[in-house]
S.K.: 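Below is one structure. I have some questions about it.
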Amino acid sequence: MKTLVAYFSASGNTARLAKTLADAAGADICEIRPAVPYTAEDLNWQNKESRSSIEMRDRSSRPEIQKIDVELADYDTVFLGFPIWWYVAPTIINTFLESGDFSGKRIILFATSGSSGFGKAAESLQPSAPDAEIIEGRVNPTVNDIKVIAAM
Ligand SMILES: Cc1cc2nc3c(=O)[nH]c(=O)nc-3n(C[C@H](O)[C@H](O)[C@H](O)COP(=O)(O)O)c2cc1C
């Protein structure tokens, strides 16, 4: 069985980390792409009416994603990466988990943030992949942390 790094990144930080982690883990990599990309204004968390504010206020929002080009059945471990938005994972990560069958897989979370930890990310993702084992890796990992995650 193989290992996959799947990630969403709106402004590049998580994308850079995902590539480093995929190299360290010898994993395949796949980007979770929004059907409609996020603009800078969409990401303005200080504006209550910005797209990200509206989506994250409604935790049942499920922003559409582009078709994923990997065969999930080939993987038993998925490293799942995202930026922390409002102390959790962006709801587009729920969209991703609900778009495939993750039962029996290990999902190891990694994230970037301004300073927050995982908060309630694992808790808010579990209902979208009820039969997967969701494990917290690291937020803003150091070079050494990346080695630790890659070996999980
Ligand atoms: C809508 C939004 C909400 C955010 N909420 C948090 C937060 O709750 N805590 C935090 O430390 N950083 C927060 N950030 C900062 C991002 O987590 C951080 O910049 C991250 O590295 C962005 O990753 P990306 O470049 O892969 O999109 C937020 C950023 C955005 C755009």
S.K.: Determine whether a donor-acceptor pair (N or O, by modelled atom type, separation under 3.5 Å) exists between the side chain of Ser113 and the backbone of Ser116.
M.R.: yes
S.K.: With the 4.5 Å side-chain cut-off for hydrophobic clustering, are Met152 and Val78 part of the same group?
M.R.: no
S.K.: Under a 4.5 Å side-chain heavy-atom rule over Ile, Leu, Val, Met, Phe, Trp and Tyr, are Ile92 and Ile54 clustered together?
M.R.: no
S.K.: Identify the heavy atoms of Ile134 and Ala122 that sit nearest to each other, and give their distance.
M.R.: CG2-CB, 4.1 Å
S.K.: Any side-chain heavy atom of Asp76 sitting closer than 4.5 Å to one from Arg106?
M.R.: no
S.K.: Is it true that Glu133 and Lys105 make a salt bridge, defined as a side-chain N closer than 4.0 Å to a carboxylate O?
M.R.: no
S.K.: Measure from the side-chain N and O atoms of Gln66 to the backbone N and O of Pro34, and report whether any donor-acceptor pair falls under 3.5 Å.
M.R.: yes
S.K.: Find the distance between OG1 (Thr77) and CD1 (Ile108) and round it off to the nearest 0.5 Å.
M.R.: 5.5 Å
S.K.: For Pro141 and Ala111, which heavy atoms make the closest approach, and how far apart are they?
M.R.: CD-O, 3.9 Å
S.K.: With no hydrogens and no angle check, is any side-chain donor or acceptor of Thr3 less than 3.5 Å from a backbone partner on Ala27?
M.R.: no
S.K.: As a quick check of understanding, evaluate side-chain contact (heavy atoms from CB on, under 4.5 Å) for Trp86 and Arg59, giving each step before the final call.
M.R.: CA-CA 11 Å; Trp86 296 104; Arg59 295 291 159 85; 4.0 Å; yes
S.K.: If only side-chain N and O atoms count, and only distance matters, is there a donor-acceptor pair under 3.5 Å linking Asp101 with Ser103?
M.R.: yes
S.K.: Please give me the minimum heavy-atom distance between Ile84 and Gly117, naming the atom from each residue.
M.R.: CD1-O, 3.6 Å
S.K.: Which pair of heavy atoms, one from Ile93 and one from Gly81, lies closest together, and at what distance?
M.R.: CD1-O, 4.1 Å
S.K.: What verdict does the side-chain contact (heavy atoms from CB on, under 4.5 Å) test give for Arg62 and Asn94, after you've listed the backbone C-alpha separation in whole Å, the side-chain angles of each residue and the deciding distance to 0.1 Å?
M.R.: CA-CA 7 Å; Arg62 293 290 182 267; Asn94 297 85; 3.4 Å; yes
S.K.: May I ask you to check whether Phe110 and Phe118 place their ring centres under 6.0 Å from each other?
M.R.: no
S.K.: If you take all heavy atoms of Leu109 and Leu125, which pair is closest and at what distance?
M.R.: CD2-CD1, 4.0 Å
S.K.: Can Tyr7 be reached from Phe79 by stepping across I, L, V, M, F, W or Y side chains whose heavy atoms are under 4.5 Å apart?
M.R.: yes
S.K.: Look at the side-chain heavy atoms of Ile, Leu, Val, Met, Phe, Trp and Tyr, link any pair under 4.5 Å apart, and say whether Val5 and Val148 land in one connected group.
M.R.: no
S.K.: Indicate whether any N or O donor in one side chain lies under 3.5 Å from an N or O acceptor in the other, for Glu55 and Thr91.
M.R.: no
S.K.: Is Asp145 salt-bridged to Arg138, going by a charged N under 4.0 Å from an acidic O?
M.R.: yes
S.K.: For the pair Lys2 and Asp28, find out whether any cationic side-chain nitrogen is under 4.0 Å from an anionic carboxylate oxygen.
M.R.: yes
S.K.: Can Ser61 and Asp58 be counted as having a side-chain donor-acceptor contact under 3.5 angstrom?
M.R.: no
S.K.: In Å and rounded to the nearest 0.5 Å, what is the CH2 to CZ distance from Trp85 to Phe8?
M.R.: 4.0 Å
S.K.: Tyr38 ring centre to Arg51 NZ or CZ under 6.0 Å, with the angle to the axis within 45°?
M.R.: yes
S.K.: Is the number of heavy atoms from other residues, nucleotides or ligands under 6.0 Å of Glu64 CD greater than 12?
M.R.: no
S.K.: With no hydrogens and no angle check, is any side-chain donor or acceptor of Asn44 less than 3.5 Å from a backbone partner on Glu41?
M.R.: no
S.K.: Going only through I, L, V, M, F, W and Y residues with side-chain contacts under 4.5 Å, is there a path from Ile107 to Ile29?
M.R.: no
S.K.: Counting N and O atoms only, with roles assigned by atom type, does the side chain of Gln126 sit under 3.5 Å from a partner on the main chain of Ala132, one being a donor and the other an acceptor?
M.R.: yes
S.K.: Are the side chain of Ser53 and the backbone N or O of Glu49 linked by a donor-acceptor pair below 3.5 Å?
M.R.: no
S.K.: Short question: side chain of Ser50, backbone of Leu43 - any donor-acceptor pair under 3.5 Å?
M.R.: no
S.K.: Set out, in order, the CA-CA distance, both residues' side-chain angles and the distance that settles ring-ring contact (aromatic ring centres under 6.0 Å, His included) for Phe102 and Tyr75, then state yes or no.
M.R.: CA-CA 9 Å; Phe102 289 87; Tyr75 301 93; over 10 Å; no
S.K.: As an exercise, state the distance from CG of Asp23 to OG1 of Thr20, rounded to the nearest 0.5 Å.
M.R.: 6.5 Å
S.K.: Distance-only check: which donor-acceptor pairs under 3.5 Å involve side-chain atoms of residues 10-17, not counting sequence neighbours?
M.R.:
{"from": "Asn13", "atom 1": "OD1", "to": "Arg16", "atom 2": "NH2", "distance (Å)": "2.7"}
{"from": "Thr14", "atom 1": "OG1", "to": "Thr112", "atom 2": "OG1", "distance (Å)": "2.9"}

S.K.: For the pair Arg33 (side chain) and Ile68 (backbone), establish whether a donor and an acceptor sit closer than 3.5 Å, ignoring hydrogens and angles.
M.R.: no
S.K.: Are Cys30 and Leu4 close enough, and set up right, to give a side-chain contact (heavy atoms from CB on, under 4.5 Å), and what steps lead you there?
M.R.: CA-CA 7 Å; Cys30 140; Leu4 180 69; 4.0 Å; yes
S.K.: So which heavy atom on Ser128 is nearest to which on Glu98, and how close?
M.R.: OG-OE2, 2.7 Å
S.K.: Taking the side chain as C-beta and beyond, is there a heavy-atom pair between Leu80 and Ile32 under 4.5 Å?
M.R.: yes
